[in-house]
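Structure record follows, encoded as structure tokens.
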Amino acid sequence: SAKDMKHRLGFLLQKSDSCDYSSSQGKKEKISSSQRVSQEEVRKWADSLENLIHHDRGLAAFRAFLKSEYSEENIEFWVSCEDYKKTKSPAKLSPKARKIYDEFISVQATKEVNLDSCTREKTSHNILEPTLSCFDEAQRKIFTLMEKDSYRRFLKSPYYLDLVSPPGTGCRPENCKRSHTHTLDCNSNIISQCA
């Protein structure tokens, strides 16, 4: 169920001195012992949404939180726009722009983001002759929407609070217990990744 998935993702994203986890890439959660996030870095995520989403682990945690609220289309759109701006080949601009438009902006979009009609029309016009900046205004509006709304809730959620909690409260064997927030226990293969 969605609740179980939320708990599992929350657990995977939990960080302590004894465990190392890497970010979620797409829909699969990958675990790695090579990436570690310091408490200082996690605290910086509370300074701004920009700090959060420009860090791989922060982006993964925020994406998991938005999924739990059924609003992941906002961060997916933002990430797609960031990727679009890195397009080197002019020949690829038009198909990429059309794909982003169809997926997130058009009225029939499968993952439609919440844009005002003026921004939607301007973006529709922009993709007729796409440039690297044709989604800038729409991306800025969605960033602002996330910043004022879901980012504030994220900072009060277990997705963030579990990461910023003091070291030693993580998944060392003596701390592994079934609890309301973490449905996985010491027998989980995830625990075997702990140092």
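Basis for what follows: all heavy atoms, side chains included, without hydrogens, waters or symmetry-related copies.
- The ring pair (Phe, Tyr, Trp, His ring centres under 6.0 Å) check on Phe135 picks up Tyr84, with sequence neighbours excluded.
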Side-chain polar contacts of residues 136-143 - donor-acceptor pairs under 3.5 angstrom, sequence neighbours left out - could you list them?
from   : atom 1 : to     : atom 2 : distance (Å)
Glu137 : OE1    : Lys122 : NZ     : 2.9
Gln139 : OE1    : Lys85  : NZ     : 2.8
Gln139 : NE2    : Trp78  : O      : 3.2
Gln139 : NE2    : Glu82  : OE2    : 2.8
Lys141 : NZ     : Asp116 : OD1    : 3.2
Lys141 : NZ     : Thr119 : OG1    : 3.3

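- Closest of all the heavy-atom pairs between Ala91 and Pro95 is O-CD, 3.4 Å.
- Ile127 CD1 to Thr123 OG1: the interatomic distance, rounded to the nearest 0.5 Å, is 8.5 Å.
- A 4.5 Å side-chain heavy-atom check between Arg152 and Lys156 finds every atom pair outside the cut-off.
- Once rounded to the nearest 0.5 Å, the distance linking CD1 of Ile75 with OG of Ser150 reads 8.0 Å.
- Within the 4.5 Å cutoff, the side chain of Leu115 has no heavy atoms near those of the Phe104 side chain.
- Checked against side-chain contact (heavy atoms from CB on, under 4.5 Å), Gln108 has the following partners two or more places apart in sequence or in another chain: Ser106.
- Summarising the geometry, atom OH belonging to Tyr151 is positioned 11.5 Å from atom OG belonging to Ser157; distances are rounded to the nearest 0.5 Å.
- By the 4.5 Å heavy-atom criterion applied to side chains, Lys111 and Glu76 are counted as neighbours.
- In this model, a donor atom of one side chain and an acceptor atom of the other lie less than 3.5 Å apart for Tyr101 and Ser124.
- With His125 contributing its side chain and Glu121 its backbone, the two residues share no donor-acceptor pair below 3.5 Å.
- To the nearest 0.5 angstrom, Leu59 atom CG is 10.5 Å from His55 atom NE2.
- Ion pair Arg153/Glu69 flagged as a salt bridge, since at least one NZ, NE, NH1 or NH2 atom sits closer than 4.0 Å to an Asp/Glu carboxylate oxygen.
- Scanning both residues, Ala61 and Leu163, for their nearest heavy atoms gives CB-CD1, 4.0 Å.
- Contact check for Glu73 versus Leu66: no side-chain heavy atoms found under the 4.5 Å cut-off.
- Ring geometry, Tyr159 versus Phe65: the interplanar angle exceeds 60°, so the pair is classed perpendicular (tilted spans 30 to 60°).
- Once rounded to the nearest 0.5 Å, the distance linking CZ of Phe154 with CG of Leu52 reads 5.0 Å.
- Rounding to the nearest 0.5 angstrom, the gap separating the CG atom in Leu132 from the NZ atom in Lys96 is 9.5 Å.
- The shortest distance between side-chain heavy atoms of Asn114 and Leu145 falls below 4.5 Å.
- In this structure, the side chain of Asn51 does not engage the main chain of Trp45 through any donor-acceptor pair within 3.5 Å.
- Side-chain atoms of Arg120 come within 3.5 Å of backbone N or O of Ile105 as a donor-acceptor pair.
- Taking 4.5 Å as the limit, some side-chain heavy atom of Arg63 sits within range of a side-chain heavy atom of Val79.
- Residues Thr87 and Lys92 have side chains that never bring a donor and an acceptor to within less than 3.5 angstrom of each other.
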- Task: Would you sort out whether Phe77 and Glu103 count as a side-chain contact (heavy atoms from CB on, under 4.5 Å), showing the intermediate values?
- Result: CA-CA 9 Å; Phe77 172 68; Glu103 192 172 359; over 6 Å; no

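- Ser94 approaches Pro130 most closely through the heavy-atom pair CA-CG, 3.6 Å.
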